[in-house]
Enquirer: 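This structure is in structure tokens; I'll ask about it shortly.
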Protein chains: 2
Amino acid sequence: MTTTTIKGAAGEARVLRADARRNHTKVLLSARKLFAEQGLDAQIDEIARDAGVGVGTVYRHFPTKEDLLQALADERFIGLAEAAQAALEVEDPGQGFVEFMTYSARVMTEDRALSEAMDQLPGLCRMAAERVEMLRLTGEVLARAQASGDIREDIVPEDIPALICGLGRAVRSEVERPTMSWQRYLEIMLAGMRA
Amino acid sequence: MTTTTIKGAAGEARVLRADARRNHTKVLLSARKLFAEQGLDAQIDEIARDAGVGVGTVYRHFPTKEDLLQALADERFIGLAEAAQAALEVEDPGQGFVEFMTYSARVMTEDRALSEAMDQLPGLCRMAAERVEMLRLTGEVLARAQASGDIREDIVPEDIPALICGLGRAVRSEVERPTMSWQRYLEIMLAGMRA
DNA sequence: GACTATACGGAATCTCAGTTCCGTTTGTCG
DNA sequence: CGACAAACGGAACTGAGATTCCGTATAGTC
């Protein structure tokens, strides 16, 4: 927990047996589903049951609950990085920015564990983010939108993940009634960021 | 957890012994501090230690961790209700709204447990909110600001707690660097809500 | 000052998840 | 078709933290 796990540093190029590969996928699939639905405290036992394997099998593939979460976070951040990359291809910088924010907001609101991990397991997220150079990519998307005069100059790259996190929570907040949709919240947030 | 606790419905007018009254206060004080600092998973044992009493004493005053949290939430919502009341007294409706939002944002960011409870213990918060008619008050503060043309017409009262919750989280998010201050986030959010 | 209902303290208990272990099953290879 | 390493399943083990219990201490009262 404290010291960032060392993770099989060397090449784990071990060729898995066919059933092992199959189970690995099944576990990841169920985990993705259950964590997204229930958040970080989805239970390993339930994931195993859902995947149709024993707990032991889950643990052989992912020695720790946190390792499993790390794998899932990595997937998510790869998606985010691709979205940022795509945003940079869009001709209109402002629109590219909006598209990136929209993708991020959707992912964040659809995956409860992701938004919880962002403030309960910062180390894990930071690691996943660094692996895809998320901050740099985010910065580029933002800078382009600022250069074109679409977004306020005082916003910094680090604000983006924070704002997206906030959005994730605001939307989930069920303290009062039907609650706002993520689109509406995003719209308000973007309005506040426009130059 | 599921069914809203019944709570001593009748008058608990029992006169407490002097030491009991004293301890009740000490526990509440320590709990407020530790929950604010550490969030919902501050431990009862530690609260007891900090208050200088035994665990048993904590439990006599608050049969459950949740009961203790309820008491603290009630305090917080009383403060929020007073802030809303005060906002209604301010001559300029827009300014009243801003002041109310500012107070809410500050409380939310300074009390980690409060912001966590908003999405992990919705029942408890809803109860605290209803006791002070929070939604009605919030609605009045908002309506006044909308009538005067300061705030967008499409914002509804239910959005306010959601937005404030989001703010609480955005500010705590330490995934990247120094993170934004709550004032800056609030400013962006208010900018997005202006008519 | 003695009496007793209230409170107190904190060791012991309970519960719930994460994790480990080991006997059994199954792919893979010759 | 064996042989055997690789994987599997799931009961049992652990640790953490909430909650209970009960013998002891004390405020309030006569």
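Letters A, B, ... are given to chains in the order of the sequence lines, protein chains preceding strands, and every chain is numbered from 1. Here the structure is a predicted model, which means the values were calculated and not measured.
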Enquirer: Taking CZ from Arg49(A) and C1' from dC8(D), how many angstroms apart are they, rounded to a whole number?
Expert: 18 Å
Enquirer: When the distance from CG of Asp67(A) to C1' of dG18(C) is rounded to whole Å, what number comes out?
Expert: 13 Å
Enquirer: Just by modelled atom types, is the Phe77(B) backbone N or O under 3.5 Å from a matching donor or acceptor in the Arg131(B) side chain?
Expert: no
Enquirer: Assuming nearest nucleotide by heavy-atom distance, tell me which of Lys65(A) and His24(B) is located more 5' along DNA chain C.
Expert: His24(B)
Enquirer: If we ignore angles and hydrogens, is there a donor and acceptor under 3.5 Å between the side chains of Gln95(A) and Glu99(A)?
Expert: yes
Enquirer: Nearest 0.5 Å please: distance from the NZ atom of Lys65(A) over to the CD1 atom of Ile44(A).
Expert: 5.5 Å
Enquirer: Looking only at atom types and distance, does a side-chain atom of Glu110(B) sit under 3.5 Å from a main-chain N or O of Ala36(B), one as donor and one as acceptor?
Expert: no
Enquirer: Any idea which of dC8(C), dA5(D), dA18(D) is nearest the Arg17(A) side chain?
Expert: dA5(D)
Enquirer: I need the CD-C1' distance between Gln43(B) and dT19(D), as an integer number of Å.
Expert: 14 Å
Enquirer: With sugar-phosphate meaning primed atoms plus P, OP1 and OP2, does Asn23(B) contact a base, only sugar-phosphate, or nothing at under 4.0 Å between heavy atoms?
Expert: sugar-phosphate
Enquirer: Can you tell me how far P of dG10(C) sits from CD of Glu46(B), to the nearest Å?
Expert: 16 Å
Enquirer: Taking the minimum atom-to-atom distance to the side chain of Val53(B), which one of dG9(D), dT19(C), dG9(C) wins?
Expert: dG9(C)
Enquirer: Return the value, rounded to whole Å, for the distance between atom CG of Asp41(B) and atom C1' of dG15(D).
Expert: 16 Å
Enquirer: Among dG18(C), dA18(D), dT26(C), which is the nearest nucleotide to the side chain of Ile44(B)?
Expert: dA18(D)
Enquirer: Using whole Å, what does the distance between atom P of nucleotide dA7(D) and atom CZ of Phe62(A) come to?
Expert: 14 Å
Enquirer: In whole Å, I'd like the distance from the CD atom of Gln38(B) to the C1' atom of dA16(D).
Expert: 15 Å
Enquirer: Should Thr57(A) be listed as having a side-chain N or O under 4.0 Å from OP1 or OP2 of dG9(D)?
Expert: yes
Enquirer: Select base, sugar-phosphate, or nothing to describe what His61(B) touches, counting heavy atoms under 4.0 Å on all strands.
Expert: sugar-phosphate
Enquirer: Where the side chain of Asp19(A) is concerned, which of dA6(D), dC8(D), dG18(C) is the nearest nucleotide?
Expert: dC8(D)
Enquirer: Choosing from dA7(C), dT19(D), dC8(D), which nucleotide comes nearest the side chain of Arg60(A)?
Expert: dC8(D)
Enquirer: Taking only Lys NZ, Arg NE, NH1 and NH2, and the carboxylate oxygens of Asp or Glu, determine whether Glu140(B) and Arg136(B) approach each other closer than 4.0 Å.
Expert: yes
Enquirer: Rounded to whole angstrom units, what separation is found between the OH atom of Tyr59(B) and the C1' atom of dC14(C)?
Expert: 12 Å
Enquirer: Using heavy-atom distances to pick each residue's nearest nucleotide on DNA chain D, tell me which of Arg21(B) and Leu40(B) is more 5'.
Expert: Leu40(B)
